[in-house]
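Proteins come first, then strands; the chains are lettered A, B, ... in the order of their sequence lines, and each starts at number 1.
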Amino acid sequence: MKEKELRRSLSVFPIGTVMKLTDLTARQIRYYEEQSLIHPKRNDGNRRMYSLNDIDVLLEIKDYLSEGINMAGIKHIYDMKREEKEKKAAELKKPVTDDDVRRIFHDELLQAGGLRDESGPTPLFHTHKPL
DNA sequence: ATTCTCACA
DNA sequence: TGTGAGTA
């Protein structure tokens with residue numbers, strides 16, 4: 001499921017193609033970039049190259065706009081989503097503490113002792129609160 | 001032909 | 001946000 005993410009992140013469309021796909025003007029597309037809603041890469045000729053993800057965001061922006069949400073509101077929506085992702089990314093990089101090891105080892109013993117049912121694959125960490 | 005930056009009767 | 005100018 002990572003190969004797919006990679007392709008969606010590849011910047012391969014010039015602004016002209018994005019205009020037709022999103023029905024937005026070049027002015028608007030560049031403006032939303034200034035608002036940091038999208039981050040198209042630049043090719044060797046300083047031309048903006050958009051990814052499928054950028055196009056999806058552009059389409060989402062159109063929806064929000066049609067629903068009466070202004071740029072400030074839309075920016076807040078993406079700022080929140082960004083902070084949540086950064087938070088989760090930090091969780092994954094967080095090293096396992098001695099405390100975690102103790103809790104995990106304790107549960108491993110309970111399992112070995114047959115004190116738990118055998119239904120389905122036994123989740124290794126789900127029985128613990130988030131690390 | 002396309003896209004880019006900048007500016008505004 | 002639109003649009004025209006002067007480029008690359």
Subject >> Bracket string, DNA chain B, 5' to 3' - pairs by Watson-Crick or G-U geometry under 3.5 Å, | interstrand >> reply: .|.|||||.
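For Thr25(A), a side-chain nitrogen or oxygen approaches OP1 or OP2 of dG2(C) to under 4.0 Å.
Using a 4.0 Å heavy-atom distance criterion, Gly45(A) is classed as making no nucleic acid contact.
Grouping the Ile, Leu, Val, Met, Phe, Trp and Tyr side chains by contacts below 4.5 angstrom, directly or via other members, places Leu24(A) with Tyr64(A). Both Leu65(A) and Leu58(A) are assigned to one and the same hydrophobic cluster, defined by single-linkage of ILVMFWY side chains at heavy-atom distances under 4.5 Å.
Taking atom CE on Met19(A) and atom C1' on dT1(C), their separation rounds to 13 Å, with Å as the unit. Following rounding to the nearest Å, Gln28(A) (CD) and dG2(C) (C1') show an atom-to-atom distance of 10 Å.
Along DNA chain B, the nucleotide nearest to Arg27(A) and the one nearest to Ile15(A) differ in position, and the one closer to the 5' end is contacted by Ile15(A). Residue-to-nucleotide proximity on DNA chain C shows that, of Met71(A) and Arg47(A), the 5′-proximal contact is made by Met71(A).
Without hydrogens or angle criteria, Lys62(A) side chain to Thr22(A) main chain gives a donor-acceptor distance under 3.5 Å. Remark: the backbone N or O of Phe13(A) is not paired with any side-chain donor or acceptor of Thr17(A) at under 3.5 angstrom.
Under the 3.5 Å distance criterion, with hydrogens and angles disregarded, a donor-acceptor pair is assigned to the side chains of Asp54(A) and Ser51(A). One side chain, Tyr78(A) or Glu60(A), offers a donor N or O that lies under 3.5 Å from an acceptor on the other.
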Subject >> Test salt bridge (charged side-chain N to carboxylate O under 4.0 Å, His left out) applied to Glu86(A) and Arg82(A), step by step >> reply: CA-CA 6 Å; Glu86(A) 292 179 350; Arg82(A) 179 181 54 69; 3.0 Å; yes
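Checked for salt-bridge contact, Glu34(A) and Arg30(A) miss the test: no charged N lies under 4.0 Å from a carboxylate O.
First and last contacts of DNA chain B with chain A, using any nucleotide atom under 4.0 Å from a protein heavy atom and ordered 5' to 3', fall at dT2(B) to dT5(B).
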